[in-house]
J.: 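Could you have a look at this structure, given as structure tokens, before my questions?
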Amino acid sequence: QQQVRQSSQSLTVWEGETAILNCSYENSAFDYFPWYQQFPGEGPALLIAIRSVSDKKEDGRFTIFFNKREKNLSLHIKDSQPGDSATYFCAASASSGSWQLIFGSGTQLTVMP
Amino acid sequence: DPKIIQKPKYLVAVTGSEKILICEQYLGHNAMYWYRQSAKKPLEFMFSYSYQKLMDNQTASSRFQPQSSKKNHLDLQITALKPDDSATYFCASSQDLGVGQNTLYFGAGTRLSVL
């Protein structure tokens, strides 16, 4: 059973819209949640991350909303641009003594001009 | 310039053969990792190393052997290759162990196809 689940395999939005990517997790010990962005032919790169003590983290056009009680989080990409077209991975880790990130299967975002 | 270099970018192998995937990082990091990305599966943690010492191994098969000849090198030797080993293998690094405190940086990957 997947510990980190991304509900949509793919998402298409128009340029200028807000893209919303959803993620849920199983393990209550997870307390660190990064989102990674991956372009074709490249490795994943950290986009933004949140810790479970917060319910929101904002960085420019990217915002994470976190709901600890429901064990879910979402990445909002405001004013989406065609250059945001990529695969987005939600990941999770228990920060205490953990050496691995558990990744979701990714959501492929396409932003249409 | 890429700071984590993986070689080769593409690799084709025959079933039963052995290959070595190369990884070097120039970020001055103390921890290095291997992850695997197969079709229809999430990125999967394989190994973590800290100061050239194996810290965690989540790979069930002994056919996968990491090798660290220098602090900034972590190669991956795969023996007796099977078609199921076909995947993109990503090397990653972080300043120190502990992904909650240290950002993980990934290389561009080696795409392995086993025929």
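Residue numbers begin at 1 in each chain, while the letters A, B, ... track the order of the sequences.
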J.: Between F103(A) and F45(B), is the ring centre distance below 6.0 Å?
T.: no
J.: Are more than 12 heavy atoms from other residues, nucleotides or ligands located less than 6.0 Å from atom CD of Q67(B)?
T.: yes
J.: Verify the cluster assignment for L21(A) and F30(A): are they in a single hydrophobic cluster under the rule of side-chain heavy atoms below 4.5 Å apart?
T.: yes
J.: Do F89(A) and Q37(B) come within less than 4.5 Å of each other through their side chains, counting heavy atoms only?
T.: yes
J.: Out of curiosity, Y33(B) OH to Q100(A) CD, how far, rounded to the nearest 0.5 Å?
T.: 10.5 Å
J.: State plainly whether one hydrophobic cluster holds both Y32(A) and F66(A), where clusters connect Ile, Leu, Val, Met, Phe, Trp and Tyr through side-chain heavy atoms under 4.5 angstrom apart.
T.: no
J.: Is there any residue in residues 17-28 of chain B with a non-hydrogen atom under 4.5 Å from a non-hydrogen atom of chain A, and which ones are they?
T.: none
J.: Would you say W35(A) and V4(A) are hydrophobically clustered, going by side-chain heavy atoms of ILVMFWY under 4.5 Å?
T.: yes
J.: Once you round to the nearest 0.5 Å, how far does OH of Y36(A) lie from CG of L43(B)?
T.: 10.0 Å
J.: Determine whether F106(B) and L97(B) fall in the same hydrophobic cluster, where Ile, Leu, Val, Met, Phe, Trp and Tyr are linked whenever their side-chain heavy atoms lie under 4.5 Å apart.
T.: yes
J.: Using non-hydrogen atoms and a 4.5 Å limit, figure out which bit of Q38(A) sits close to chain B: side chain, backbone, both or neither.
T.: side chain
J.: Let me check something: do Y88(A) and L73(A) share a hydrophobic cluster, defined by ILVMFWY side-chain heavy atoms less than 4.5 Å apart, either directly or through other members?
T.: yes
J.: Sub-3.5 Å donor-acceptor pair from the side chain of Y105(B) to the main-chain atoms of L46(A), do we have one?
T.: no
J.: Answer with side chain, backbone, both or neither: which region of Q58(B) has an atom nearer than 4.5 Å to a non-hydrogen atom of chain A?
T.: side chain
J.: Nearest heavy-atom pair of G104(A) and P42(B): which atoms, and what distance?
T.: O-CB, 3.5 Å
